[in-house]
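What follows is a short report on a single structure.
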Amino acid sequence: MFAVLLFSLVVFTAGAAARCPLGFVNLGRSCYLFASTTVDFAGANSFCQFFGSRLVTISSSHEDHLIRSYLLRHGKGATYYIGGTDLRGEGIFTWERPHGKKLGYTGWKHGEPNNAKGHEHCMSMPASFHYRWNDVPCSRRYRFICERAH
Ligand code: 2F8
Ligand code: CA
């Protein structure tokens, strides 16, 4: 009986550890929500918080590769907001989480960020750039990517 209980506990615990909440997918060490609704950057932030998560922070080439590979397979040809801006200082991009953290790794497309027309302060991954990073106006409605701990 003890052995059965122990076995159940191990299986249940292992199963729970492997799972992400409904709608999220597990890539590496995090759970990601690739939202198909389109909202402005502030709306994307609020949506992610509502779902117990934050706009994604991409901190390594490995994480960037996992997300880009997923988008290249499932990205629907769209642009996705990710969780960084230069709203605190032109040209100095920081992550929303941890708040104000400067980018370490970056995955910008060649020539970006360029603050086109002087109005691009939010970070995105556009299909047209094969999901390499681009700065875009924060008022545009795009899909977005949320992240939460696995
Ligand atoms: O050529 C790069 C340039 O392309 C567009 O502007 C014409 C992008 N704008 C939007 O996606 C809104 C720029 O961000 C990009 O730098
Ligand atoms: Ca740009």
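Hydrogens, waters and symmetry mates play no part in the numbers below; they use all other heavy atoms, side chains included. Whatever order the structure lists them in is the order used to number ligands and atoms, beginning at 1.
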Checklist entry - What's the atom name of the N, O or S in E112 nearest to the Ca ion (ligand 2)? => result OE1
Item to check | Path from Y81 to F51 over hydrophobic side-chain contacts below 4.5 Å | outcome: yes
Item to check | Which residue and heavy atom of the protein sit nearest atom 10 (C) of ligand 1, plus the separation | outcome: E120 OE2, 3.9 Å
Checklist entry - With the Ca ion (ligand 2) at the center, what angle do OD1 from N114 and OE1 from E120 span, rounded to 10 degrees? => result 80°
Checklist entry - Counting only non-hydrogen atoms of the protein, does one fall under 4.0 Å from atom 5 (C) of ligand 1? => result no
Next on the checklist: Are I67 and I58 packed together at the side-chain level, in the sense that at least one heavy-atom pair is separated by less than 4.5 angstrom?
Outcome noted: yes
Item to check | Per-atom contacts of ligand 1 with D135, taking only distances under 4.0 Å to non-hydrogen atoms | outcome: 14 (O)
Next on the checklist: Quick check: do M125 and L71 have side-chain heavy atoms less than 4.5 Å from each other?
Outcome noted: yes
Item to check | W108-D135 side chain donor-acceptor pair, cut-off 3.5 Å | outcome: no
Checklist outcome for this item: shortest atom 11 (O) of ligand 1-to-protein heavy-atom contact is with V136 CG1, 3.8 Å
Item to check | Heavy-atom nearest neighbour in the protein, as seen from atom 12 (C) of ligand 1, with distance rounded to 0.1 Å | outcome: R140 NH1, 3.4 Å
Item to check | Any non-hydrogen protein atom less than 4.0 Å away from atom 14 (O) of ligand 1 | outcome: yes
Checklist entry - Can R29 and E63 be counted as an ion pair, charged N to O under 4.0 angstrom? => result no
Next on the checklist: Suppose you place the vertex at the Ca ion (ligand 2); what is the angle out to N134 OD1 and D135 O, to 10°?
Outcome noted: 80°
Checklist entry - Going by heavy atoms in the side chains, are I82 and W95 under 4.5 Å from each other? => result yes
Checklist outcome for this item: The protein heavy atom nearest to atom 1 (O) of ligand 1 is E112 OE2, 4.7 Å
Next on the checklist: Under 4.0 Å from a heavy atom of N134: which atoms of ligand 1 are those, numbered in the order shown and with their elements?
Outcome noted: 8 (C), 11 (O), 13 (C), 14 (O), 15 (C), 16 (O)
Next on the checklist: Walk me through whether F24 and Y32 qualify under ring pair (Phe, Tyr, Trp, His ring centres under 6.0 Å).
Outcome noted: CA-CA 5 Å; F24 284 75; Y32 300 94; 8.7 Å; no
Next on the checklist: Suppose we call two aromatic rings close when their centres sit under 6.0 Å apart. Are Y142 and Y80 close by that rule?
Outcome noted: no
